[in-house]
> 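Right, I'll just put the structure down here and ask away after.
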There are 2 protein chains.
Amino acid sequence: MRIEDEIKQKTFKDPYNKLVVNLLYTHSYIVSNQSALFKPLGLSPEQYNVLRILRGQHGKPITVSSIQERMLNKMSNASRLVEKLKQKDLVLREECPSDRRQVDIMITAKGLEVLEELETAVYAFNRNIVKLTESETNQLNELLDKLRG
Amino acid sequence: MRIEDEIKQKTFKDPYNKLVVNLLYTHSYIVSNQSALFKPLGLSPEQYNVLRILRGQHGKPITVSSIQERMLNKMSNASRLVEKLKQKDLVLREECPSDRRQVDIMITAKGLEVLEELETAVYAFNRNIVKLTESETNQLNELLDKLRG
DNA sequence: TTGTATTTAATGTATATACATGCAAATGTA
DNA sequence: TACATTTGCATGTATATACATTAAATACAA
């Protein structure tokens, strides 16, 4: 459905302005559907994302600031997200020996389990929420990459 | 820059999963840059959006629930947003005569002023944040519309 | 070395959001 | 009419987020 009809706005200043609105709206479409997915396991989407970052380390610890850099939402607070995950025993946190300012974070076995439990559902959700062919999806990925410059 | 490099993730399950991540990431790219724009005037992006919805009514009042329907972020609370705008004298709120459950909302002259003040900056921001040609931008708009089905 | 600046993470605080609940008005039904 | 249901909005509450500040460790320059 055209964004103009979705939000009942007849015209936009130009395609660029329309695009920003379209992106914000499409984001909302995705995240509002996502909530049903994450809620049962008591994780937020961004907590799930941090677990994925940690698993991608394959056992190698990573600092809080490196997690922050890789997070999808740059504004959210890696330190507090890690604290939430630690409370659920999904991550370990220990002082970095080479630099005592830093804190090494690692995913636990339980964290890996929760991640796997969620992952199949997330994959299926992502597949279904996007009503595009594979070729269109590839095209969209390329345009988004280019958009950010 | 490729999303893989931005978040240092080598591969994705499939293009659809990559796309959802790419959308979340691109959203964050936009909104984190947006904050500098809105902060000086003490409005949030969603408050700005509500003012635009109200102006689009051309004097015709609109109810809180109709505002909610048109908002970009379906999860946020129109009632509280309107209250914030009212505190700044940017909107009027009065009981709907035909149905006393409903509340008619209208933008004030001051609201229109603030909107115009912001708008030029928002247009320029949107134009600059999107590093695409006009033709690519149109293409991206179409793909996003199709994505949502 | 000493003092200053920078980096890293945690925390304080105000606001925003998600979600549930409450309440009043309207609607539907017997 | 009486009474249950639905609708529209406001609000309570817990959590999340944005942004600033703090505290500790390190780097760096005089």
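Residue numbers begin at 1 in each chain, while the letters A, B, ... track the order of the sequences. Worth saying up front: this structure is predicted, and the values here are computed from it rather than measured.
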> Using the rule that Ile, Leu, Val, Met, Phe, Trp and Tyr join whenever any side-chain heavy atoms are under 4.5 Å apart, tell me whether B:Leu92 and B:Leu43 fall into a single cluster.
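Hydrophobic grouping puts B:Leu92 apart from B:Leu43.
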> In whole angstrom, give the distance that lies between atom CD of A:Glu46 and atom P of C:dA18.
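My rounded result for the distance is 15 Å.
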> Short of 4.0 Å, heavy atom to strand atom, which residues of residues 88-97 of chain A count as contacting DNA chain D?
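Hits under 4.0 Å, by residue number: none.
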> Hey, is the side chain of A:Ser79 poking within less than 4.0 Å of OP1 or OP2 on C:dA9, counting only N and O atoms?
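Checking A:Ser79 against C:dA9: no side-chain N or O falls below 4.0 Å of OP1 or OP2.
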> Any donor-acceptor pair under 3.5 Å linking the side-chain atoms of A:Asp14 with those of A:Asn17?
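Yes, because at least one side-chain N or O of A:Asn17 sits under 3.5 Å from a partner of the opposite role on A:Asp14.
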> I want to verify a distance call: between D:dT7, C:dA16, D:dA24, whose nearest atom is closest to the B:Arg101 side chain?
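For B:Arg101, the side-chain atoms sit closest to D:dT7.
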> Pick the closest DNA chain D nucleotide for A:Lys84 and for B:Ala36 by heavy atoms, then say which residue is nearer the 5' end.
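Of the two residues, A:Lys84 wins.
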> Measuring from A:Asp104:CG to A:Lys60:NZ, what's the distance to the nearest 0.5 Å?
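Answer for the CG-NZ pair, A:Asp104 versus A:Lys60, is 10.5 Å.
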> Answer with yes or no whether A:Arg80 presents, from its side chain, a donor or acceptor under 3.5 Å of a partner atom in the base of C:dG12.
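Indeed, a donor on one side and an acceptor on the other fall under 3.5 Å apart.
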> To the nearest 0.5 Å, what is the distance between CG on A:Leu81 and CD1 on A:Ile105?
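Going from CG on A:Leu81 over to CD1 on A:Ile105, the span is 11.0 Å.
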> Return the value, rounded to whole Å, for the distance between atom CZ of A:Phe38 and atom P of C:dT17.
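Computing the A:Phe38:CZ to C:dT17:P distance gives 20 Å.
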> Please report, rounded to the nearest Å, how far the C1' atom of D:dA10 is from the CG atom of B:Asn77.
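Rounded to the whole Å, the gap is 8 Å.
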> Find which nucleotide of DNA chain D each of B:Val82 and A:Leu81 is nearest to by heavy atoms, and output the residue with the more 5' nucleotide.
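That would be B:Val82.
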> Tell me: CG of A:Asp99 to P of D:dT26, nearest whole Å?
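Taking CG of A:Asp99 and P of D:dT26, I get 5 Å after rounding.
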> From CG of B:Leu85 over to C1' of C:dT15, roughly how many Å is that when rounded to an integer?
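Taking CG of B:Leu85 and C1' of C:dT15, I get 14 Å after rounding.
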> How many whole angstroms separate atom CD of A:Gln102 from atom C1' of D:dA25?
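Going from A:Gln102 (CD) to D:dA25 (C1'), I get 10 Å.
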> Answer yes if A:Tyr123 and B:Phe12 sit in the same cluster of Ile, Leu, Val, Met, Phe, Trp and Tyr residues linked by side chain heavy atoms under 4.5 Å apart, and no otherwise.
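No, no single cluster joins them.
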> Pick the closest DNA chain C nucleotide for A:Val103 and for A:Lys39 by heavy atoms, then say which residue is nearer the 5' end.
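Mapping each residue to its closest nucleotide by heavy atoms, the 5'-most match is A:Val103.
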> Within the 4.0 Å heavy-atom criterion, would you say B:Ser65 contacts the bases, only the backbone, or no part of the nucleic acid?
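Sugar-phosphate, no base atom in range.
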> Would you compute the distance between atom CD1 of B:Ile62 and atom NZ of A:Lys8 and round it to the nearest 0.5 angstrom?
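Spacing of CD1 (B:Ile62) from NZ (A:Lys8) equals 8.0 Å.
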> Tell me the interatomic distance from A:Glu83, atom CD, to D:dT15, atom C1', rounded to whole angstroms.
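Distance check: A:Glu83 CD to D:dT15 C1' gives 14 Å.
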> Over how many whole Å does the gap from A:Met71 atom CE to D:dT17 atom P extend?
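Atom-to-atom, A:Met71 to D:dT17, this comes out as 8 Å.
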> Name the residue from A:Leu115, A:Leu51, A:Val82, A:Ile107 that meets the side chain to side chain contact (heavy atoms under 4.5 Å, CB included) definition with A:Leu90.
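Filter result, single survivor: A:Leu51.
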> Of the candidate nucleotides C:dA24, C:dA9, D:dA25, which contains the atom at the shortest distance from the side chain of A:Thr63?
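Of the options given, the side chain of A:Thr63 lies nearest C:dA9.
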